[in-house]
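Right, one structure below, let's go through it.
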2 protein chains.
Amino acid sequence: MKPPSEKSAGRRPSRPSYEPLQPHEIELADFFVRMAGILGVPRSVAEIYALLYVSTGPVDFDHIQGRLGISKGSVSQGLKFLRDHEMILSVKEPGSRRERWQPTPSLAASLVALLRSQVLPALEQAQPGLQRVLADAQARGSQPEVIERLSRLNRWNSRALELAPLLLPPPGA
Amino acid sequence: MKPPSEKSAGRRPSRPSYEPLQPHEIELADFFVRMAGILGVPRSVAEIYALLYVSTGPVDFDHIQGRLGISKGSVSQGLKFLRDHEMILSVKEPGSRRERWQPTPSLAASLVALLRSQVLPALEQAQPGLQRVLADAQARGSQPEVIERLSRLNRWNSRALELAPLLLPPPGA
DNA sequence: GCCTAAGTTCAAAAATTATTGAAACTTCAG
DNA sequence: CTGAAGTTTCAATAATTTTTGAACTTAGGC
């Protein structure tokens with residue numbers, strides 16, 4: 001149900017109208033939005049990913065904006081996020097500056113990368129602090145139970161940090 | 001630097017003043033706050049847990065409120081959250097209505113439970129929708145690549161649902 | 001080299017989420 | 001029973017996060 005005329009043939013469509021998401025597309029988007037929410041990824045980002053995910057070929061900037069009905073800024077920021085986390089790839093058209101986007105082959109890899117990027121920095125930054133907290137508790141002769149808790153926390157943190165690189169090698173592998 | 005007098009001996013302390021968190025406690029709280037943030041758990045909840053975690057014995061409502069400097073409402077809601085997710089346990093004093101709280105023995109188990117409670121419902125609710133999306137795509141003869149993606153998503157969802165109960169049995173085991 | 005399509009930036013507005021605190025409820029010690 | 005300690009509730013407010021859009025930058029076609 002597109003607005004009447006498209007000003008005849010291939011004329012520059014001054015405001016090409018895009019179809020809103022179809023029910024089946026909405027359903028998928030909802031799923032991604034929910035999952036993303038758990039990791040604190042904003043709705044618009046999840047929607048963009050969902051759109052690329054159900055789309056048959058690569059999708060360009062204006063289509064994303066048009067079909068999702070969101071602002072240029074959101075599209076730009078959303079694509080940046082997805083790019084930074086290596087969740088999407090771009091294909092350049094031959095005689096045009098325009099980029100067209102599609103999801104990275106493995107969603108699994110994308111998710112792991114995303115998790116890493118959130119959890120790792122926290123673990124790394126915490127390392128020295130946690131050790132200090134433990135040392136402190138020992139120094140002041142806290143209850144053995146508390147010492148035990150804090151030790152376990154330290155061990156976990158260390159093991160997580162050792163395991164992390166195996167889970168998915170940092171950029172470049 | 002506590003407000004001058006405590007009205008001498010063991011008199012009912014009309015507004016007992018609590019020490020603010022010590023540096024080592026703050027350090028630990030920061031760690032928990034950050035980790036909690038990844039899962040979208042609010043700061044105040046993480047702080048409460050951290051306080052119980054470094055404390056030598058069980059801690060009561062008023063101490064939590066006093067030491068963290070947060071409102072009654074926040075403490076109540078925070079404890080509710082932690083209780084609901086089985087991350088803390090209460091010990092009742094003999095001749096008093098007051099409850100005192102301490103962390104559940106296994107933080108690991110707590111975390112798994114927390115994750116479950118967020119992810120599982122999403123997976124469950126998504127199940128039928130995802131199947132419909134796939135069926136739809138097949139019906140309309142979408143690109144094989146898209147079909148493949150959607151199939152994989154469905155398979156994952158199913159496997160995750162199968163695995164979930166093994167990861168940690170639902171309330172009662 | 002220009003000029004404009006394509007995309008980015010970022011301050012302000014909107015939307016969402018967390019916290020507060022006063023009132024209401026509950027439970028038990030007396 | 002009754003009173004008040006102990007806790008919960010929830011509407012209002014505060015804090016945070018997301019989205020918008022207009023001004024700006026950049027790249028590349030001509």
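Naming convention: chains lettered A, B, ... in sequence-line order (proteins, then strands); numbering from 1 in each chain.
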Between the protein and nucleotides 9-14 of chain C, list every N/O to N/O distance that falls short of 3.5 Å.
from, atom 1, to, atom 2, distance (Å)
C:dC10, N4, A:Gln77, OE1, 2.9

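- Of the listed nucleotides (C:dT19, C:dT8, D:dT20), C:dT19 has the atom at the smallest distance from the side chain of B:Ser74.
- If you measure from atom CD1 of A:Ile70 to atom P of D:dT19, you get 8 Å, rounded to the nearest angstrom.
- Salt bridge B:Arg116/B:Glu124: absent, no basic N to carboxylate O contact under 4.0 Å.
- Taking atom CZ on A:Phe61 and atom C1' on D:dT26, their separation rounds to 14 Å, with Å as the unit.
- Taken residue by residue, residues 45-60 of chain B places no heavy atom nearer than 4.0 Å to DNA chain C.
- Contact check, A:Arg83 against C:dT8: a side-chain N or O comes under 4.0 Å of OP1 or OP2.
- By the side chain to side chain donor-acceptor pair (under 3.5 Å) test, B:Ser76 pairs with no residue at all, sequence neighbours left out.
- Here D:dT8 presents its P atom at 7 Å from CG of B:Leu79, a figure rounded to the nearest Å.
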Show each protein N/O and nucleotides 28-30 of chain C N/O combination with a separation under 3.5 Å, one pair to a line.
none

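- No more than 12 heavy-atom neighbours from other residues, nucleotides or ligands sit within 6.0 angstrom of CZ on B:Arg159.
- Checking C:dG7, D:dT19, C:dA18 against every side-chain atom of A:Glu99, the shortest atom distance belongs to C:dG7.
- The pair A:Arg155-A:Glu148 meets the salt-bridge criterion, since a charged nitrogen lies less than 4.0 angstrom from a carboxylate oxygen.
- Between B:Leu28 and A:Leu150 there is a side-chain heavy-atom pair separated by less than 4.5 Å.
- A:Val33 and A:Leu115 are members of different hydrophobic clusters when ILVMFWY side chains are connected at heavy-atom separations under 4.5 Å.
- Put simply, the side chain of A:Leu114 reaches to within 4.5 Å of the side chain of A:Val41, judged on heavy atoms.
- Applying the side chain to side chain donor-acceptor pair (under 3.5 Å) criterion to A:Asn154, with sequence neighbours excluded, gives no partner residue.
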Stepwise side chain to side chain contact (heavy atoms under 4.5 Å, CB included) test for B:Trp101 and B:Ile48: CA-CA 10 Å; B:Trp101 301 93; B:Ile48 294 173; over 6 Å; no
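- Atom-to-atom, CZ of B:Phe81 to P of C:dT17 comes out at 14 Å; the value is rounded to the nearest Å.
- Within the structure, every pair that satisfies the side chain to side chain donor-acceptor pair (under 3.5 Å) test and touches residues 128-141 of chain A, not counting sequence neighbours, is listed here: A:Arg132-B:Glu27, A:Asp136-A:Arg140, A:Arg140-B:His24.
- Taking atom CG of B:Leu39 as the reference point, atom P of C:dT17 lies 15 Å away to the nearest angstrom.
- Rounded to whole angstrom, the span from the CZ atom of B:Arg43 across to the C1' atom of C:dT20 amounts to 16 Å.
- Residue B:Asp62 contributes atom CG, which lies 10 Å from atom C1' of D:dT7 at whole-angstrom precision.
- Side-chain contact between A:Leu120 and A:Leu161 is present, with heavy atoms from C-beta onward closer than 4.5 Å.
- Using a 4.0 Å cut-off between charged side-chain N and carboxylate O, A:Asp84 and A:Lys80 make a salt bridge.
- Taking atom CG on B:Asp84 and atom P on D:dT9, their separation rounds to 10 Å, with Å as the unit.
- The residue among A:Ser44 and B:Trp101 whose nearest nucleotide of DNA chain D is located toward the 5' end is B:Trp101.
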